[in-house]
A.B. asks: 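Before I ask anything, let me first share the structure, which is written out below as structure tokens.
From a predicted model like this one, the values you see are computed outputs, not experimental measurements. The chain is numbered in sequence order, starting from 1.
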Amino acid sequence: MQGAARRRPFPAAAPGSPQPAGPLYPGRHGAVKNEDTFKTSPFHFDLWFYFTLQNWVLDFGRPIAMIILPLEWFPLNKPSAGDYFHMAYNVITPFLLLKLIERSPKTLPRSMVYVSIIMFVMGASIHLVGDSVNHRLIFSGYQHHLSVRENPIIKNLKPETLIDSFELLYYYDEYLGHSMWYIPFFLILFIYFTGCFTPVEEESRMPVAALLLMGPSSLYYWYLVTEGQIFILYIFTFFAMMALVMHQKRKGLVLDSNGLFLFYSFIITLVLIAVWVVWLWNDKILRKKYPGVIYIPEPWAFYTLHMNNLHAAKESL
């Protein structure tokens, strides 16, 4: 009698019989990954609605709130109402983006998402400071349709090194802040978009709620691209989305309702940008501020140039 009983080996399967699936008997094609399974993903009306609403109120509405609300409530040496809007945006938007990623039916690269969220918050916070000062300068006569050195309240500053400081502030606001804010923002949207495909044709339809939200969503993206001066980033993201759609179509996959909503919103945004550029194509003053190959004026530059002059003319009558 031996000291230790030998374990009996598992019986081998008969020739031609299917192997049982399990951890000891991997399936014929290996373990099935979550990425290879397609689950039903209904339209996320609540998230898209909150996302669109807070974009309009907290992002687009912050400079308006700063101008409309009495200056006595928010002195120039204190944060404005728009700054508090921006602070709320910096907290709510990352939360909604994370919730959007969580609802994706596909397992997405979490590390990349988290790093992008961190960069997004950093960039939006940098922009908060620079944009706060730049918009408060409007009350002192600053004109957004002119460059920093051409502004009447800036060009005569002494010593001249102060002008360099204002240009540094403008750089943090319009370049560094926007880059660290919008690059991760569009990257997260694209990562989410990669999980919006399904083999079921019936799921490639948008409900009425999605159609109603598409207009406000597209209009906000138009404002984001034009005011943020991020057309190159936007168009590259859009081209990447189109390439992915064509690639997945060869595999028999189509966009679900959430993917269609995002994709069509970007298409309408491109149309709105084209209309905006054509409308202001012959504006010589704006052409001077935006001399590059890509001519896309900022809405606030248009406002300070034309609408302010219109209001001043009405007041003089």
A.B. asks: Do you reckon F239 sits in the same ILVMFWY cluster as I232, going by side-chain contacts under 4.5 Å, direct or chained?
C.D. replies: yes
A.B. asks: Mind jotting down which residue pairs meet the salt bridge (charged side-chain N to carboxylate O under 4.0 Å, His left out) criterion with at least one end in residues 167-190? Sequence neighbours excluded, please.
C.D. replies: R149-E167
A.B. asks: Where is the tightest heavy-atom contact between L280 and P297, given as atom of each residue plus distance?
C.D. replies: CD1-CG, 3.9 Å
A.B. asks: Tell me whether the centres of the aromatic rings in F263 and F238 are closer together than 6.0 Å.
C.D. replies: yes
A.B. asks: Does anything in residues 265-285 pair up under side-chain hydrogen bond (donor to acceptor under 3.5 Å, both in side chains), and if so which pairs, sequence neighbours excluded?
C.D. replies: D283-H306
A.B. asks: Should the pair F43 and F261 be assigned to parallel (<30°), tilted (30 to 60°) or perpendicular (>60°) ring geometry?
C.D. replies: perpendicular
A.B. asks: Which label fits F193 and F197: parallel for a plane angle under 30°, tilted from 30 to 60°, or perpendicular past 60°?
C.D. replies: perpendicular
A.B. asks: Among all residues two or more places apart in sequence or in another chain, which pass the ring pair (Phe, Tyr, Trp, His ring centres under 6.0 Å) test with F45?
C.D. replies: F49
A.B. asks: With Y172, which residues qualify under ring pair (Phe, Tyr, Trp, His ring centres under 6.0 Å), at least two apart?
C.D. replies: none
A.B. asks: Apply the hydrophobic cluster definition, ILVMFWY joined by side-chain contacts under 4.5 Å directly or through others, and give me every member besides L69.
C.D. replies: W73, F74, Y84, M87, L128
A.B. asks: Show the atom names and distances, to 0.1 Å, of all donor-acceptor pairs under 3.5 Å that link a side chain in residues 243-254 to residues at least two apart or in another chain.
C.D. replies:
none

A.B. asks: Who pairs with M122 by side chain to side chain contact (heavy atoms under 4.5 Å, CB included), at least two apart in sequence or on another chain?
C.D. replies: I118, M180
A.B. asks: Can you list everything that forms a ring pair (Phe, Tyr, Trp, His ring centres under 6.0 Å) with Y89? Sequence neighbours excluded, please.
C.D. replies: W181
A.B. asks: If every non-hydrogen atom of M206 is compared with every non-hydrogen atom of S257, which pair is closest and at what distance?
C.D. replies: CG-O, 3.8 Å
A.B. asks: Taking the inter-plane angle between the rings of F60 and Y223 on a 0 to 90° scale, is it parallel (under 30°), tilted (30 to 60°) or perpendicular (over 60°)?
C.D. replies: perpendicular
A.B. asks: What I want to check is whether the side chains of D83 and S132 have a donor and an acceptor closer together than 3.5 Å.
C.D. replies: yes
A.B. asks: Sequence neighbours left out, what pairs pass salt bridge (charged side-chain N to carboxylate O under 4.0 Å, His left out) with at least one residue falling in residues 56-70?
C.D. replies: D59-R62, R62-D131
A.B. asks: Salt bridge between D46 and K99, side-chain N to carboxylate O under 4.0 Å?
C.D. replies: no
A.B. asks: Which residues satisfy the side chain to side chain contact (heavy atoms under 4.5 Å, CB included) test with S116, sequence neighbours excluded?
C.D. replies: M112, P184, L187, I188
A.B. asks: In chain order, what residues pass the side chain to side chain contact (heavy atoms under 4.5 Å, CB included) check against V115, with sequence neighbours excluded?
C.D. replies: none
A.B. asks: Is it possible for you to say whether F120 and F236 belong to one hydrophobic cluster, with membership spreading through side-chain heavy-atom contacts below 4.5 Å?
C.D. replies: yes
A.B. asks: Could you tell me if E298 and Y290 have a donor-acceptor pair between their side chains, going purely by distance under 3.5 Å?
C.D. replies: yes
A.B. asks: Check which hydrophobic residues are tied to V208 through side-chain heavy-atom contacts below 4.5 Å, counting indirect links as well, and list them.
C.D. replies: L212
A.B. asks: Do the side chains of L219 and F185 join up, straight or via other hydrophobic residues, at under 4.5 Å, putting them in one cluster?
C.D. replies: yes
